[in-house]
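Have a look at the structure below, then the notes.
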Amino acid sequence: MLGRTLIVFNARSGALSREQKMETLHGALDRHGLKADIRPLDGGGEISAVVADGVKQGYETVVVGGGDGTLCAGAASLVGTGRTMGVLPMGTFNYFARSLGIDGDIDAAVAVLAQGQTRSFNVGEVNGRTFLNNASLGIYARILEQREDLYRRWGRSRIAAHISVLLSLTRGRAPLSLRVTVDGSPKRLRTPMVFIANNPYQLAEFGLAGAECLEQGCFAMYVAPDCHPIALLGLATKLVFGRLRADRDFELICGKDILVEA
């Protein structure tokens, strides 16, 4: 770990309680001979502000703990500052942490911090906001809204995430009519969903083509066909079993600069 270090984490992320997270984190830091100032937060809404304040206070390394949303909020305040970001995966899916080879075990993540090695990674920006994994329009965005509603009612779980997919697909709406310009080349699209990926681990998890786009420093943009909600449910089923194929089930477009106009 490099220099003076701040650890900020979302105490509500994942299955462990606030007290369990603190105990586990202190134990891991002691085992690996690390020292850090720790700031647990009751929710992810304050992460960006607290991380930005940590930068102003002169912390050289800011470690962000939580799920993908929390990590994204923390990264947004660190982009362009020259500070090092550490990662503690404490969420449900932890796609970003896994893309860096960091699993969901806090002790293992602290061991990575103790090694003190850094690496760069690409981030995306949409409407001035940083994103790490993906950005989307249409039905996938509605799935996430449905998922968060289920999380608030029943708690965070993979089952709730899968149910949110079914509910969103069965409540289909009219497709989007879009003008999309990719690296200067415009085209018209009519689609229920545009999904722009920036995480190779997430693509591999679902057996999706497009890793070569990310390797080239581009985004992988997936455009779903304009079809009936039942057909979309079939595509979602293929996604779950890793059977989605480019050209047959969706259009794959690579690009560094993507402008989407409704």
Side-chain angles (χ1 to χ4, degrees), residues 1 4-32 34-79 81 83-100 102-113 123 128-135 141 143-164 199:
M1 193 180 290
R4 188 174 170 223
T5 300
L6 172 67
I7 297 177
V8 182
F9 72 88
N10 182 354
R12 294 185 179 180
S13 292
L16 297 178
S17 68
R18 177 193 182 107
E19 292 71 23
Q20 289 173 320
K21 288 187 177 75
M22 286 292 291
E23 182 179 352
T24 303
L25 186 52
H26 279 296
L29 291 172
D30 289 342
R31 279 190 296 277
H32 295 284
L34 299 178
K35 293 184 178 180
D37 296 325
I38 303 176
R39 290 282 305 276
L41 300 178
D42 291 322
E46 303 173 78
I47 291 290
S48 291
V50 173
V51 169
D53 186 61
V55 171
K56 292 179 181 178
Q57 292 180 33
Y59 286 98
E60 297 168 79
T61 299
V62 179
V63 181
V64 182
D68 287 312
T70 299
L71 296 178
C72 186
S77 295
L78 291 171
V79 170
T81 65
R83 302 300 200 277
T84 300
M85 176 178 173
V87 173
L88 291 177
M90 296 178 173
T92 304
F93 295 101
N94 300 314
Y95 284 130
F96 178 67
R98 291 177 179 179
S99 74
L100 299 175
I102 303 172
D103 65 21
D105 181 82
I106 293 178
D107 188 80
V110 171
V112 173
L113 298 176
V123 299
R129 297 182 62 181
T130 296
F131 68 92
L132 299 176
N133 293 332
N134 58 69
I143 287 171
L144 297 183
E145 292 175 355
Q146 182 71 65
R147 187 180 76 182
E148 290 305 313
D149 181 58
L150 290 175
Y151 281 171
R152 283 190 292 271
R153 295 183 184 185
W154 309 107
R156 308 181 76 86
S157 69
R158 289 177 180 267
I159 293 177
H162 293 317
I163 291 175
S164 68
N199 185 325

Starting at [atom1] of [X], measure out to [atom2] of [Y] and round the result to the nearest 0.5 Å.
{"X": "K56", "Y": "S77", "atom1": "NZ", "atom2": "OG", "value": "10.0 Å"}
{"X": "N133", "Y": "R98", "atom1": "CG", "atom2": "CZ", "value": "11.5 Å"}
{"X": "L113", "Y": "L34", "atom1": "CG", "atom2": "CG", "value": "7.0 Å"}
{"X": "L29", "Y": "K35", "atom1": "CG", "atom2": "NZ", "value": "11.5 Å"}
{"X": "I7", "Y": "H26", "atom1": "CD1", "atom2": "NE2", "value": "8.5 Å"}
{"X": "I102", "Y": "F96", "atom1": "CD1", "atom2": "CZ", "value": "8.0 Å"}

Given 3.5 Å as the limit, does a donor-acceptor pair link the side chain of [X] with the main chain of [Y], or not?
{"X": "R83", "Y": "V55", "result": "yes"}
{"X": "S13", "Y": "G91", "result": "no"}
{"X": "T130", "Y": "A76", "result": "no"}
{"X": "N10", "Y": "D42", "result": "no"}

Can you name the closest pair of heavy atoms from [X] and [Y] and give their distance?
{"X": "L6", "Y": "R39", "answer": "CD1-CG, 3.8 Å"}
{"X": "A75", "Y": "L132", "answer": "CB-CD2, 3.9 Å"}
{"X": "P40", "Y": "M22", "answer": "CG-SD, 4.1 Å"}
{"X": "G74", "Y": "V51", "answer": "O-CG1, 3.7 Å"}
{"X": "G66", "Y": "N94", "answer": "O-OD1, 3.8 Å"}
{"X": "A108", "Y": "D103", "answer": "CB-OD1, 3.5 Å"}

Notebook entry, point to check: Taking atom types as modelled, is there a side-chain donor on Y59 or D37 under 3.5 Å from an acceptor on the other?
Noted result: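 Yes, because at least one side-chain N or O of Y59 sits under 3.5 Å from a partner of the opposite role on D37.
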Quick one, [X] and [Y] - any side-chain contact, counting heavy atoms below 4.5 Å?
{"X": "V8", "Y": "V63", "answer": "no"}
{"X": "V62", "Y": "L78", "answer": "yes"}
{"X": "V112", "Y": "V110", "answer": "no"}
{"X": "D107", "Y": "R31", "answer": "yes"}
{"X": "V87", "Y": "L100", "answer": "yes"}
{"X": "L25", "Y": "L88", "answer": "yes"}

Fill in: Positive for side chain to side chain contact (heavy atoms under 4.5 Å, CB included) with F9, one of T70, I38, L41
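Only match with F9 under side chain to side chain contact (heavy atoms under 4.5 Å, CB included): I38.
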Are there over 12 heavy-atom neighbours, none belonging to [X], within less than 6.0 Å of that residue's [atom1]?
{"X": "R4", "atom1": "CZ", "answer": "yes"}
{"X": "E23", "atom1": "CD", "answer": "no"}
{"X": "R18", "atom1": "CZ", "answer": "yes"}

With A111, which residues qualify under side chain to side chain contact (heavy atoms under 4.5 Å, CB included), at least two apart?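 A111: side chain to side chain contact (heavy atoms under 4.5 Å, CB included) contacts with H32.
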